[in-house]
Visitor: 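Below you will find the structure I want to go over with you.
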Amino acid sequence: MKNTEYIDALEAAGRGLADAAAEAGTDAEVPTCPGWRVRDLLRHTTMVHRWATTFVAEARTTPDRDLGETTLDGEELLAFFREGHAGLVAALRAAPESLDCWAFLPAPSPLAFWARRQAHETTVHRADAESALTGTPGPVAPAVAADGIDELLAGFHARDRSRVRTPEPRTLRVRTADTGDVWTVRLSATEPPRTAREDGGGAVDTELSGPADQLYLALWNRLPLDAVTVTGDGELARLWRETSAI
């Protein structure tokens with residue numbers, strides 16, 4: 001995806017999140033985030049948006065602590081969220097391609113990192129807001145979903161801090177039915193998962209397949225595993241569920 005496409009996805013997801021949150025009300029429970037109510041979701045996400053904005057708008061090159069969560073609630077909190085989201089979108093749109101700032105995952109550029117990361121941060125939390133309203137997250141555009149799977153597998157879980165480990169080498173494959181994307185993830189006891197964006201051609205222990213958005217939401221633990229097709233060893237899929245939280 002292009003940077004402009006990430007920013008468009010971020011803009012749409014933030015508006016969808018705010019609309020769902022407003023309709024659900026800030027006291028509504030968020031089923032996909034046990035223990036959270038919509039106010040917690042809004043406070044967290046606007047803090048992340050404003051934190052990200054500081055790196056982009058101020059070209060900060062060193063990591064900083066988060067800004068802390070607001071104590072606002074109700075309509076004031078919704079307005080504060082919308083303001084922070086709009087500020088992030090504007091900062092990303094105004095940033096030059098040559099932007100030099102801190103980032104924490106590999107990307108073609110810092111601008112590409114922040115546009116991608118905030119698009120998926122907001123899309124996942126839009127799903128949380130929708131679950132508070134209707135009980136089920138809404139659809140995600142296939143291209144956005146496939147890109148988010150790639151960020152999760154090849155970005156977040158390539159880091160040493162990933163907790164997904166298996167006592168002996170195992171292989172997981174993720175296959176989208178609508179976008180034609182395939183990831184092969186090799187797991188072990190001593191290293192973080194190693195992901196290749198390819199079929200690999202050989203047998204695997206477990207394969208997860210289905211529409212890209214269902215896989216995206218299931219891998220981010222926003223849908224149950226029975227939302228996708230699990231072939232092979234179901235225990236490996238359950239291990240992912242139990243250890244993959246970011």
Side-chain angles (χ1 to χ4, degrees), residues 1 6 9 32-34 48 63 102-110 112-125 127-128 137 140 142-246:
M1 291 176 60
Y6 288 127
T32 48
C33 298
V48 173
W102 178 76
F104 61 85
L105 291 177
S109 69
F113 163 78
W114 284 109
R116 184 191 208 194
R117 177 78 292 276
Q118 292 308 302
H120 294 302
E121 175 82 12
T122 311
T123 298
V124 169
H125 287 317
D128 293 328
V140 178
V144 173
D147 184 84
I149 294 169
D150 189 72
E151 185 202 43
L152 181 65
L153 298 180
F156 278 105
H157 284 292
R159 301 186 299 173
D160 289 339
R161 68 179 63 183
S162 174
R163 297 184 300 115
V164 182
R165 298 287 195 277
T166 53
E168 57 189 35
R170 309 294 297 279
T171 306
L172 171 70
R173 183 168 293 148
V174 177
R175 185 188 304 272
T176 63
D178 48 353
T179 66
D181 291 290
V182 182
W183 296 264
T184 300
V185 187
R186 291 175 173 80
L187 307 171
S188 71
T190 59
E191 293 185 334
R194 301 302 182 196
T195 298
R197 195 161 184 170
E198 61 185 17
D199 191 309
V204 297
D205 296 291
T206 305
E207 180 169 300
L208 306 181
S209 60
D213 69 336
Q214 301 294 287
L215 284 165
Y216 175 68
L217 293 169
L219 288 166
W220 275 103
N221 293 338
R222 264 55 185 191
L223 285 177
L225 283 173
D226 60 14
V228 301
T229 300
V230 180
T231 306
D233 184 1
E235 287 299 320
L236 186 55
R238 283 187 283 275
L239 180 141
W240 175 276
R241 189 80 177 179
E242 292 168 0
T243 63
S244 66
I246 299 300

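These numbers come from the heavy atoms of this one structure, side chains and all, not from hydrogens, waters or symmetry mates.
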Visitor: Any side-chain to backbone donor/acceptor pair from Thr184 onto Glu198? Under 3.5 Å, distance only.
Guide: yes

Visitor: In Å and rounded to the nearest 0.5 Å, what is the CG to OG1 distance from Leu215 to Thr179?
Guide: 8.5 Å

Visitor: Can you see which heavy atom on Arg165 is nearest to which on Ser162, and at what distance?
Guide: NH1-O, 2.7 Å

Visitor: Which heavy-atom pair separates Arg222 from His125 by the least distance, and what is that distance?
Guide: NH2-CE1, 3.8 Å

Visitor: The criterion is salt bridge (charged side-chain N to carboxylate O under 4.0 Å, His left out); which residues satisfy it with Glu242, sequence neighbours excluded?
Guide: none

Visitor: Suppose the criterion is ring pair (Phe, Tyr, Trp, His ring centres under 6.0 Å): which pairs have a residue in residues 225-246, not counting sequence neighbours?
Guide: His157-Trp240

Visitor: Side chains of Arg175 and Glu207: closer than 4.5 Å at any heavy-atom pair?
Guide: yes

Visitor: Within the structure provided, determine whether Pro137 and Leu223 are in side-chain contact (heavy-atom separation under 4.5 Å).
Guide: yes

Visitor: Spell out, as yes or no, whether a donor-acceptor pair under 3.5 Å connects the side chain of Trp114 to the backbone of Trp102.
Guide: yes

Visitor: Should the pair Tyr216 and Trp220 be assigned to parallel (<30°), tilted (30 to 60°) or perpendicular (>60°) ring geometry?
Guide: perpendicular

Visitor: Counting N and O atoms only, with roles assigned by atom type, does the side chain of Arg197 sit under 3.5 Å from a partner on the main chain of Asp181, one being a donor and the other an acceptor?
Guide: no

Visitor: What residues, two or more places apart in sequence or in another chain, satisfy salt bridge (charged side-chain N to carboxylate O under 4.0 Å, His left out) together with Asp213?
Guide: none

Visitor: Please examine the side chains of Arg170 and Asp233, heavy atoms only from C-beta on, and report whether any two atoms are closer than 4.5 Å.
Guide: yes

Visitor: If you look at every heavy atom in Ala237 and Leu225, which pair is closest and at what distance?
Guide: O-CD1, 3.6 Å

